[in-house]
Engineer: 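The structure follows.
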Protein chains: 2
Amino acid sequence: MQVKPPKTSIRADNEAAILAAAESVFAEVGFKGATTSEIARRADVPKANLHYYFATKEDLYRIVLQRVLTVWLSAASSMDDNEEPEVALSRYIGMKMDLSRTMPLGSQIWASEIMRGAPMIKDFLETTLKEWVSDHEIVVQRWISDGKIYPVAPKALFFMIWATTQHYADFSTQIAAMNGGAPLSDEEFETARLQVIEMIVRSVVKPPAAPAKTL
Amino acid sequence: MQVKPPKTSIRADNEAAILAAAESVFAEVGFKGATTSEIARRADVPKANLHYYFATKEDLYRIVLQRVLTVWLSAASSMDDNEEPEVALSRYIGMKMDLSRTMPLGSQIWASEIMRGAPMIKDFLETTLKEWVSDHEIVVQRWISDGKIYPVAPKALFFMIWATTQHYADFSTQIAAMNGGAPLSDEEFETARLQVIEMIVRSVVKPPAAPAKTL
DNA sequence: TGACGACTTGACCATTTGGTCAATTCTTGT
DNA sequence: ACAAGAATTGACCAAATGGTCAAGTCGTCA
């Protein structure tokens, strides 16, 4: 199951520790605010050792960002099939909620990269992401033509999905404060997950046509 | 209409220029990433002059944050009355969309403050914001009891509203990229605003009970 | 076992950082 | 007109920053 032979496990271990530390620092204070010494501290290696594995802070950031994009793409493909809108949307929203739960740092890094003007992922936004949106706008348009969902601007729907699901990662501090100070438990999160799916689906999917005459 | 007599207009002008510059820098790179020299550069004053008006970077940040909270509170009160859910929600969502349009930097600063763990507004979250949520949960519960909206977790509804509306501020770079590279025009934004209101309202408000028998 | 490359790290460097200060130049009220 | 406070700013400082380097230690494979 290993993709790359692990060179030495020393290298693999150290790179992993440094990348994990980098992820958490970048998520908290963004690229500009991050310091290599703080990353080294969290990874529990001397700063010089960090620079032995990753030449520059920008290199480190680029690699961390690349993993975020990869994960984003994997979730994105979960909406590809042409199922019924309710099913396709539920699957996609659920997947995004799972991502917010399991990889909140990635979501936060994405957010702070966007907020600083996306200098590093401008290209990704303009090509890959733009294409995903264009492709899926067509799907939504078809659902509208077929009378399955209300006529809505597809982009507004995508933005609502992204915003709401990622909110559970990016604003987890605020959510915890509203939850009596503690992060959502697994059960609480699962409830939220279902609730989000239910609300967003209802926001666009037409209820089944009035049952012809039965009852 | 002036609240404080403007001391000298020199002071007022300089403070305003510095605060505006600070807002834009903090919005882009957060508190940790911001530098006083960059703020001074954007305000077009020497750094020493900036420190003449604001003693420390933290002071500046605190003041900028305070204004964000004030604005947030003014929008929050727009949902207070006990109107029909559709009206109350539409007004509140519309107000939040307006805020995202007119004060996007404030929204971004809020987001980055939350992402770094909200060290500076923890108290606001745990008191003022928590109370607002508690109070309005009651309103939503009543709407549910009255059968006016579907049974939803009030917090999940608030989070969806905040997330979606603030997305138009925090992720404007990404939205522009999806819009062919240009920020939303006034008309495009107005369309989005209406669309967001429509979707969120539909996500919770029950359609009028099947019209008794007419037609 | 020994040699060679991988790994480790304290000391160091130039630059940038937040912030200070004293000397100077306005403004303004009388 | 002029004194007194308000405003301006170049020069400066200690600390922190991203990054380097040389001198070592360790792992492993023949």
Side-chain angles (χ1 to χ4, degrees), chain A residues 2 4-66 109 112-113 116 119-120, chain B residues 2 4-66 109 112-113 116 119-120:
Chain A
Q2 204 103 284
K4 304 175 183 178
K7 303 172 182 182
T8 71
S9 86
I10 291 178
R11 179 174 209 90
D13 289 354
N14 283 333
E15 285 183 353
I18 293 166
L19 284 172
E23 201 174 55
S24 82
V25 173
F26 287 135
E28 267 174 41
V29 293
F31 174 73
K32 184 94 199 305
T35 67
T36 54
S37 38
E38 173 63 15
I39 295 172
R41 219 180 47 74
R42 290 197 199 180
D44 201 34
V45 302
K47 184 162 65 103
N49 203 0
L50 179 152
H51 279 100
Y52 170 73
Y53 287 104
F54 302 93
T56 69
K57 172 174 144 180
E58 195 175 311
D59 276 358
L60 237 189
Y61 186 65
R62 206 185 304 274
I63 291 170
V64 168
L65 252 191
Q66 186 55 58
I109 290 167
S112 89
E113 172 67 11
R116 68 179 190 134
M120 207 103 193
Chain B
Q2 205 104 282
K4 305 175 184 180
K7 302 173 183 182
T8 70
S9 86
I10 291 178
R11 180 173 208 93
D13 289 354
N14 282 334
E15 285 183 355
I18 293 167
L19 284 172
E23 202 175 55
S24 83
V25 173
F26 287 135
E28 267 174 42
V29 294
F31 174 73
K32 184 93 199 307
T35 67
T36 53
S37 38
E38 173 64 13
I39 294 173
R41 220 179 46 73
R42 292 199 198 179
D44 202 33
V45 302
K47 183 162 65 101
N49 204 0
L50 178 151
H51 279 100
Y52 171 72
Y53 287 104
F54 302 93
T56 69
K57 171 174 144 180
E58 196 175 309
D59 277 358
L60 238 189
Y61 185 66
R62 205 185 304 275
I63 291 170
V64 167
L65 253 191
Q66 188 55 57
I109 290 167
S112 89
E113 172 66 10
R116 70 180 189 134
M120 206 104 193

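Reckoned from all heavy atoms, side chains included, excluding hydrogens, waters and symmetry mates. Keep in mind it's a predicted model, so treat the numbers as computed, not measured. Order of the sequence lines fixes the chain letters, A, B, ..., with proteins taken first and strands second; residue numbering starts at 1 for each chain.
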Engineer: Does the side chain of A/N14 get closer than 4.0 angstrom to OP1 or OP2 of C/dA6 through an N or O atom?
Structural biologist: no
Engineer: Looking only at N and O atoms, is any donor in the side chain of B/K47 or the base of C/dG18 less than 3.5 Å from an acceptor on the other one?
Structural biologist: yes
Engineer: What is the distance from CG of B/N49 to C1' of D/dT8, rounded to the nearest Å?
Structural biologist: 6 Å
Engineer: Name the residue closer to the 5' end of DNA chain C, choosing between B/A55 and A/Y53 according to the nucleotide with the nearest heavy atom.
Structural biologist: A/Y53
Engineer: Please check the phosphate of D/dA7 (OP1 and OP2 only) for any side-chain N or O of B/Y52 closer than 4.0 Å.
Structural biologist: yes
Engineer: Using the ring of each side chain (for Trp, its six-membered ring), is A/F26 parallel, tilted or perpendicular to A/Y61, with breaks at 30° and 60°?
Structural biologist: perpendicular
Engineer: Would you check if A/F31 and A/E58 make a side-chain contact, meaning some heavy-atom pair closer than 4.5 Å?
Structural biologist: yes
Engineer: Taking for each residue the nucleotide of DNA chain D bearing the nearest heavy atom, is the 5' side occupied by A/A48 or by A/T36?
Structural biologist: A/T36
Engineer: Rounded to whole angstroms, how far apart are NZ on A/K57 and C1' on D/dA16?
Structural biologist: 12 Å
Engineer: Return the value, rounded to whole Å, for the distance between atom CD of A/E38 and atom C1' of D/dA16.
Structural biologist: 13 Å
Engineer: Go through D/dG18, C/dT8, D/dA7 for me and flag the one nearest to the A/S37 side chain.
Structural biologist: D/dG18
Engineer: Does A/A34 reach a base, just sugar-phosphate, or nothing at all? Heavy atoms under 4.0 Å.
Structural biologist: sugar-phosphate
Engineer: Is there a side-chain contact between B/E28 and B/S112 in this structure, where contact means two heavy atoms from C-beta onward sitting under 4.5 Å apart?
Structural biologist: no
Engineer: Determine: side-chain N/O of B/R11 to OP1/OP2 of D/dA6, distance under 4.0 Å, yes or no.
Structural biologist: no
Engineer: Between A/D59 (CG) and D/dG18 (C1'), how many Å, whole number?
Structural biologist: 12 Å
Engineer: Please check: side-chain N/O of A/K32 versus main-chain N/O of B/T35, any donor-acceptor pairing under 3.5 Å?
Structural biologist: no
Engineer: On DNA chain C, compare the nucleotides closest to A/K32 and A/P46; which residue's is nearer the 5' end?
Structural biologist: A/P46
Engineer: Kindly determine whether A/F54 and A/L19 satisfy side-chain contact (heavy atoms from CB on, under 4.5 Å), including the steps that lead there.
Structural biologist: CA-CA 10 Å; A/F54 302 93; A/L19 284 172; 3.8 Å; yes
Engineer: Roughly how many Å is it from CG in B/L50 to P in C/dG19, rounded to a whole number?
Structural biologist: 10 Å
Engineer: Measure from NE2 on A/H51 to P on C/dT8 and round the result to the nearest Å.
Structural biologist: 15 Å
Engineer: Rounded to the nearest Å, what distance is computed from the CZ atom of residue A/R41 to the P atom of nucleotide D/dA16?
Structural biologist: 13 Å
Engineer: Write down the distance between CD (A/E58) and C1' (D/dT17), rounded to a whole number of angstrom.
Structural biologist: 16 Å
